[in-house]
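Both counts, for ligands and for their atoms, begin at 1 and track the order of listing. Count residues from 1 along the sequence. For clarity, every value in this text was computed on a predicted model and none was experimentally measured.
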Amino acid sequence: MRLVLLGPPGAGKGTQAARLVTRFGCVHISTGSTLREAIASDSPLGREVGGYVAAGKLVPDAIVLRIVVERLSRPGVEGRWLLDGFPRTVPQAEAFDELLTGRGEPLDAVLCLRASTEAVVERLGGRRTCARCGALYHVRLIPPRRDETCDRGGGGLLVRDDDRPEAVLRRLEVYEGETKPVVGYYGFPGRDLLRLVSSDGTPEEVGAEILAVLEGPGAKRP
Ligand code: AP5
């Protein structure tokens, strides 16, 4: 499978990506996680992008494209990947199409998770991420068994810098202005790539709906 996962901040892309990579045995490439790792390690890339991410703005296209090219070329990826949070602008989508044509790796599907503004504000307001393994929780909706501790390896749970209310509002504006046109780009008649899925249900319900659109009757076979 070669998949792109789109949707507003907090729609559940990371949550569903973790399920999909287990199911399809593909490599999860999250541009947001890669940027946060660079920021946390205070690398030159991290210093360059830290201000954009904390403010909820998009990182320049050229930087993100460099990251994607590098991640797709790593050993072990071998043409089986799920891109989470990329492309996020029409120029990124156009450059990605060109890149995939050059690599001979056509996309199988673009999944777009749909969620109301109320739902994403609630989800981001309570999100916690394991500092060790990146597992995702929500203090009320998907709580860990023990307060502020990951169920898997006992890692501490962190609040993301860009989940502050002002950064969340900025990210939602950026999604409306810059990323929604990407949904239209993939939904262009004749491309037959876009699959819209509501993310209103529980993670299990959303996961089942995604599998139905990817594997059910009428789904395009990779
Ligand atoms: P990125 O990390 O991609 O953030 P995002 O797109 O804003 O999405 P999130 O990670 O916030 O949410 P999600 O949809 O993954 O939801 P999650 O599963 O965590 O990007 C961060 C920043 O990096 C950007 O703002 C930008 O600066 C930069 N960047 C990244 N890519 C870029 C690009 N291509 N170009 C330029 N800049 C880029 O779920 C959220 C919460 O809800 C969790 O608590 C979870 O437990 C809970 N939850 C999930 N599903 C459900 C459910 N079904 N029911 C109840 N709760 C749920």
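Residues Lys13 and Leu6 share a closest heavy-atom pair of CD-C, 3.7 Å. The two residues Pro181 and Glu176 have their closest heavy-atom pair at CD-O, 4.0 Å. Here the closest non-hydrogen pair linking Leu214 and Ala109 is CD2-CB, 3.9 Å. Of all heavy-atom pairs spanning His138 and Glu122, the tightest one is NE2-O, 2.9 Å. The two residues Cys112 and Leu194 have their closest heavy-atom pair at CB-CD1, 4.1 Å. Counting all heavy atoms, side chain and backbone alike, Arg164 lies closest to Asp161 at NE-O, 2.9 Å.
Less than 4.0 angstrom separates some heavy atom of Thr31 from each of these atoms of ligand 1: 30 (C), 31 (N), 32 (C), 34 (N). Residue-ligand proximity, Pro8 to ligand 1, at heavy-atom distances under 4.0 Å covers atoms 14 (O). Interface of Tyr137 with ligand 1, defined as ligand atoms under 4.0 Å from a residue heavy atom, comprises 43 (C), 44 (O), 46 (O). Listed by number with element, the atoms of ligand 1 under 4.0 Å from a non-hydrogen atom of Leu124 are 11 (O). Each of the following atoms of ligand 1 lies closer than 4.0 Å to a heavy atom of Gly14: 13 (P), 15 (O), 18 (O). Residue contact check: Gly85 has heavy atoms under 4.0 Å from atoms 31 (N), 32 (C), 33 (C), 34 (N) of ligand 1.
Assignment of Pro87 to the shell around ligand 1 is not supported, since no heavy atom sits closer than 4.0 Å. Residue contact check for ligand 1: Glu205 places no non-hydrogen atom closer than 4.0 Å to it. The shortest separation from a heavy atom of Pro60 to ligand 1 is not under 4.0 Å, leaving the residue out of contact. Heavy atoms of Arg36 come nearer than 4.0 angstrom to ligand 1 in at least one pair. Look at Gly7 and you'll find every heavy atom at least 4.0 Å from all atoms of ligand 1.
In the displayed structure, Glu204 atom CD is contacted under 6.0 Å by more than 12 heavy atoms of other residues, nucleotides or ligands.
At the top of the distance list for atom 11 (O) of ligand 1, counting protein heavy atoms only, stands Arg171 NH2, 2.5 Å. For atom 9 (P) of ligand 1, the nearest protein heavy atom (residue, atom name, distance) is Arg127 NH1, 3.3 Å. Looking only at protein heavy atoms, the nearest one to atom 33 (C) of ligand 1 is Arg88 CD, 3.3 Å. Here the heavy atom of the protein found nearest to atom 18 (O) of ligand 1 is Thr15 OG1, 2.6 Å. The nearest protein atom to atom 8 (O) of ligand 1, hydrogens excluded, is given as Lys13 NZ, 3.1 Å; this is a heavy-atom distance. For atom 10 (O) of ligand 1, the nearest protein heavy atom (residue, atom name, distance) is Arg160 NH1, 2.9 Å. Closest to atom 16 (O) of ligand 1, if we only count protein heavy atoms, is Gly12 N, 3.2 Å. In terms of protein heavy-atom proximity, atom 26 (C) of ligand 1 is nearest to Lys57 O, 3.5 Å.
When non-hydrogen atoms are compared, ligand 1 lies under 4.0 Å from the side chain of Ile142 (C-beta onward) but not from its backbone. The side chain of Val64, and not its backbone, has at least one atom closer than 4.0 Å to an atom of ligand 1 (non-hydrogen atoms only; side chain from C-beta on).
Here's the thing with Asp162: none of its N/O atoms is less than 3.5 angstrom from an N/O atom of ligand 1. Considering backbone and side-chain N/O atoms, Arg128 never comes within less than 3.5 Å of an N/O atom of ligand 1. Here's the thing with Gln92: one of its N/O atoms is less than 3.5 angstrom from an N/O atom of ligand 1. Where the criterion is an N or O separation shorter than 3.5 Å, residue side chain and backbone included, Gly56 fails it with respect to ligand 1. At under 3.5 Å, a nitrogen or oxygen of Gly201, whether backbone or side chain, sits near a nitrogen or oxygen of ligand 1. Considering backbone and side-chain N/O atoms, Leu35 never comes within less than 3.5 Å of an N/O atom of ligand 1. The distance criterion of under 3.5 Å between nitrogen or oxygen atoms is met by Gly10 with respect to ligand 1. Among the atoms of Val59, some N or O lies under 3.5 angstrom from an N or O of ligand 1.
Taking 4.0 Å as the cut-off between side-chain N and carboxylate O, Glu215 and Arg23 count as a salt-bridged pair. The residues Glu70 and Arg66 are annotated as not salt-bridged, no charged nitrogen and carboxylate oxygen being separated by less than 4.0 angstrom.
The CG atom of Asp61 sits 3.5 Å away from the OG1 atom of Thr89 when rounded to the nearest 0.5 Å.
Counting heavy atoms from C-beta on, the side chains of Leu5 and Leu82 come closer than 4.5 Å.
Across Asp147, Leu157, Asp163, Thr149, a single residue satisfies side-chain contact (heavy atoms from CB on, under 4.5 Å) together with Arg128, and that is Leu157.
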Which is it for Thr129 and Arg160 under the side-chain hydrogen bond (donor to acceptor under 3.5 Å, both in side chains) test, yes or no, and what are the steps along the way?
CA-CA 8 Å; Thr129 308; Arg160 255 169 61 173; 5.8 Å; no
Could you go through Asp162 and Tyr52, starting from their C-alpha distance and side-chain angles, then the distance that decides it, and tell me whether this counts as side-chain hydrogen bond (donor to acceptor under 3.5 Å, both in side chains)?
CA-CA 10 Å; Asp162 59 349; Tyr52 294 102; over 6 Å; no
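In this structure, Phe96 has its ring center closer than 6.0 angstrom to the ring center of Trp81.
Taken together through direct or relayed side-chain contacts under 4.5 Å among Ile, Leu, Val, Met, Phe, Trp and Tyr, Val168 and Val174 form parts of separate hydrophobic clusters. By the criterion of side-chain heavy atoms lying less than 4.5 angstrom apart, applied directly or through intervening Ile, Leu, Val, Met, Phe, Trp or Tyr residues, Leu58 is not grouped with Leu45; the two fall into different hydrophobic clusters.
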